[in-house]
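Just the heavy atoms: all of them, side chains too, but no hydrogens, waters or symmetry mates, feed the values below. Each chain gets a letter, A, B and so on, in the order the sequences are listed, and its residues count up from 1.
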Number of protein chains: 2
Amino acid sequence: MSDVGDVRPERAAAISGWDDEADVVVVGYGVAGACAAIEAARAGAEVLVLERTGGWGGAAALSGGFIYLGGGTPLQKALGFDDSPENMETFLTAALGPGVDAAKIHDYCQGSVEHFEWLVAQGVVFKEEFWGEPGWEPPADQGLMFSGGENAAPFNTIATPAPRGHLPQMADKHTGDKGGGYMLMKPLVETAESLGVRAEFDVRLQRLVVDDDGRVVGVVARRYGKPVRVRARRGVVLATGSFAYNQEMVAAYTPLLVNRPAAAIEEHDGIGIRVAQALGAQLAHMDAIEVAIFADPQVIARGILVNGRGQRYIPEDSYPSHIGQSTLIRQNNEAFLILDEAGLEEALGTVSTFAASRNEPPTWVAESVAELESEMGFPDGVLQATVEVYNRHAKDGVDPVLGKKTQWVKPLGTPLAAFDLRGRTGGFTLGGVRTDLDSRVLHVAGDPIPGLFAAGRCTSGISAGGYVSGASLGDGSFYGRRAGRAAAQA
Amino acid sequence: MSDVGDVRPERAAAISGWDDEADVVVVGYGVAGACAAIEAARAGAEVLVLERTGGWGGAAALSGGFIYLGGGTPLQKALGFDDSPENMETFLTAALGPGVDAAKIHDYCQGSVEHFEWLVAQGVVFKEEFWGEPGWEPPADQGLMFSGGENAAPFNTIATPAPRGHLPQMADKHTGDKGGGYMLMKPLVETAESLGVRAEFDVRLQRLVVDDDGRVVGVVARRYGKPVRVRARRGVVLATGSFAYNQEMVAAYTPLLVNRPAAAIEEHDGIGIRVAQALGAQLAHMDAIEVAIFADPQVIARGILVNGRGQRYIPEDSYPSHIGQSTLIRQNNEAFLILDEAGLEEALGTVSTFAASRNEPPTWVAESVAELESEMGFPDGVLQATVEVYNRHAKDGVDPVLGKKTQWVKPLGTPLAAFDLRGRTGGFTLGGVRTDLDSRVLHVAGDPIPGLFAAGRCTSGISAGGYVSGASLGDGSFYGRRAGRAAAQA
């Protein structure tokens, strides 16, 4: 084991001199790190952010920018949507999978309105406009959207649907670098700078430094190949992102994601998780993944999705992250989308939210379901049975099998088109170290590791398997703030 | 955090006196511990086994006793089955899930014949008789069976099917305490005793003891509420079993198994994993689970299994652990079994391998598929479509949708019966600390933790998500031996 790759903690007593120091050292300048830095500085701490790339932003700045908020935010109210923390909690508990951290979900929902107001106070702008059509993201700079299938089966029968995908207003979606994520990060970093937060770039975390009592008192990093020792007088905040790009960790914990990382950045190598593990940190939900399916939701909603056996398996008007997860985890990553000509034409006439797939020709076209079934290679009768059952109820505008909403339910006619969506998924990891409500990293013995805090995707947050868009920037920013406050007071 | 629950290592320098000592200390007297003890003793070490219950056996002694072996064992050859290590490796790589430890699978397959011969040499008896009908286990004392769906789709197209479920001959299946697992453990423990292995019972592991260089040099345990400090001159072998009965760990790592542990024992609280985590041990596949479905495979094979949408999802002649996994993980734990009267009568006339379910009356009976569909509460047409497609091909004796073998494929007639199998699953955990081929526990930094070895279900073994019966006692005994040898030489 070379010294460079060793994540074992270094003993403070063995360090002859520090290269830099601060009260609170934040590792990683994505959304969790920025929020931690702001709150630590506001709490009176001298803050130093160590970022491994050449600039701030992390995966957050490149993302769509959704923050999952609710419970009756001013934006929800202004746009006419009722919500309550309890309603939000009911939904999230159902949607984020069995095994959720119930205390964290409750805490997050109770604090959601305040968190929205805090983001606005830091300069994040949310335009008062709702986007209600199927999509991964709004087509323009709208500020609110259903981003978790709240209005689709089965969730629309579990809690009162309310849109909670809050999106910072884009300056120019099409330049790429001024999307929602950028417009979230820019004011946060500017706020941090205005508070005197110092940032050092091209500094890559190697391991933690602990004193003789086991307290974390600094980090060892590398800058241009040379070691840098940074003392943290009050605490270290890990905000280093997911492990989606660590092939070995992905294979060990969530192998379905091997070779398909998405919506993450290459720097997401799990280093924050590993240095914490070396101190005995507890982990949770290491198999949990966000999964996207790369196809236009406007098209999906107007067709039927079938698996490798030609069977429908999910309401096609679900938020696409649910479709992605179900396809990869439950359907062997096999999906086919089937529409009739009228449905496809209607879809192509809508405002696209996923333009990349709009020019894609159907993989198969056919004059009848039987012909399509044969061309797609399904056994005789399989697809015909699926369409027959769908159409039997669709003529009455209902989908008793899966609960697709009436507005999307029409009998499939002819001619037909089918798209091969096999293998068309990708995503990022949701598991990591377990933290408490103050973002203190918990030891496997159950108590916090002194001096060590974490937030964002190096932690196991509010998701335990299920996912809704905005949950990751949501808990990353929410618990990033907590981490900053707790570290400053440590 | 009370001292009793603290899994943090104790420093050797802080221990004023040892209560006991040996060259190799093995924690847990199940199959992994027994095999480790034997090999450590044979390698010249003085061995002490610490067992938390009042007697030897662990979960192994209460289990069916399958050991997954192949590659051309004398038992396979005597019963006329061809196999090779390469063929076995091809099958296991496909069956045990993405993300398998390829080096370990290769190693296990290459060593499988030798391991069989070793077990026989320790006194384990395998009767030269094959059982070829559907079942979890043979009905009597047969010694060989297909225990992983090797002869069912899709595996029968991936590798040449060979039965590899090797079962120690039962003395009396129906007394319960002389089943295959007992008949595996008894000769192993007798061998260990004959080699001078000492065992202490009612001794419960609390934490490890490390010296100033980070080497594991002993354990702290409790006996009747009092601490016991045991020195290990050469090494400690963890063989403490799964975490299936640790509710908090199950909720954190594999929440689908909450409230449904099975084929494990209450002592399986993950303590071996936690004490190793406190030293920075690497983990793997913490979500992986073995899942049983509690229904008679003789009945299942003669019917069709449908999910909550009335769709078939797995060949009904699969080995039932595949059915259990697919049902719990992919079908929301919803399964219904449908047979016609002739099929059910035929099933009830066979030799039962799961007698408990034989007296269970059908949940629903009906004169037609449409009537059954309605009684079961399925939307109109769903079940009719499934049966129509099945019967369309079954009249030719084929199942192109899922590949059930011809011998089990007959058109469903009337009247019909259906069994509600929702929620009828349970299982144990397969994830744990990562070990190398010498059963050394790996640190998250990648290198072994000095003095620490592990085997059995506190480790991540050859399974990475998929499961075949016999894999757990298989890798537990195989790598238990390695652990004993490596610890003795440490």
Problem - Atom group of A:Phe378 that falls short of 4.5 Å from chain B, counting heavy atoms - result: neither
Exercise for the section: Grab the two heavy atoms, one from B:Ala445 and one from A:Asp6, that are nearest each other, plus how far apart they are. Expected result: CB-OD1, 3.5 Å
Problem - Closest-packed option against chain B by number of heavy-atom pairs under 4.5 Å, given A:Pro255, A:Ala281, A:Pro400 - result: A:Pro255
Completion exercise
Heavy atoms of B:Leu256 and A:Pro98 approach each other most closely as CD2-CG, 4.0 Å
Exercise for the section: Say whether, by atom type as modelled, one donor and one acceptor occur between the side chain of A:His393 and the main chain of B:Asp380 under 3.5 angstrom. Expected result: yes
Exercise for the section: Heavy atoms only, distances under 4.5 angstrom: which of B:Pro379, B:Gly214, B:Ser326 has the most pairs with chain A? Name it, please. Expected result: B:Pro379
Handout entry: B:Val258 portion near chain A, given a 4.5 angstrom heavy-atom threshold
Key = neither
Handout entry: Gap separating the CZ atom of B:Arg8 from the CG atom of A:Asp447, nearest 0.5 angstrom
Key = 4.0 Å
Problem - Donor-acceptor pair, side chain of B:His285 and main chain of A:Tyr253, under 3.5 angstrom - result: no
Practice task
Against chain B, work out which of A:Ile273, A:Val275, A:Val382, A:Thr386 has the most heavy-atom pairs shorter than 4.5 Å and name it.
Solution key: A:Val382
Problem - Contact class of B:Asp399 relative to chain A, heavy atoms under 4.5 angstrom - result: neither
Exercise for the section: Check each atom of B:Arg274 against the heavy atoms of chain A and say whether the ones under 4.5 Å are side chain, backbone, both or neither. Expected result: both
Handout entry: Pair A:Glu388-B:Glu388, side chain to side chain contact (heavy atoms under 4.5 Å, CB included): steps then yes or no
Key = CA-CA 12 Å; A:Glu388 192 281 319; B:Glu388 193 279 320; over 6 Å; no
Exercise for the section: Count the heavy-atom pairs under 4.5 Å between each of A:Gly381, A:Gly431, A:Pro9, A:Ala464 and chain B, then report the option with the highest count. Expected result: A:Gly381
Handout entry: Least distance between heavy atoms, A:Arg330 atom then B:Ile329 atom
Key = NE-O, 3.7 Å
Exercise for the section: Might you point out which heavy atoms bring A:Leu283 and B:Ala252 nearest each other, and give the distance in Å? Expected result: O-CB, 4.3 Å
Exercise for the section: Give a yes or no on this: more than 12 heavy atoms of other residues, nucleotides or ligands lie within 6.0 Å of atom CD of B:Glu248. Expected result: no
Handout entry: Point-to-point distance, once rounded to the nearest 0.5 Å, from CD of A:Gln277 to CG of B:Leu279
Key = 13.0 Å
Exercise for the section: Looking only at non-hydrogen atoms, find the nearest pair between B:Val389 and A:Ala385 and report the distance. Expected result: CG2-CB, 3.6 Å
Fill in the blank from the handout: chain B shares the most heavy-atom pairs under 4.5 Å, among A:Gly310, A:Gly280, A:Ser460, with A:Gly280
Fill in the blank from the handout: So, the part of B:Ala276 with a heavy atom under 4.5 Å from chain A: the answer is neither
Fill in the blank from the handout: Here the gap from A:Asp287 atom CG to B:Met286 atom CE, rounded to the nearest 0.5 Å, amounts to 10.5 Å
Exercise for the section: Give a yes or no on whether the backbone of A:Arg312 and the side-chain of B:Gln311 come within a donor-acceptor separation of less than 3.5 Å. Expected result: yes
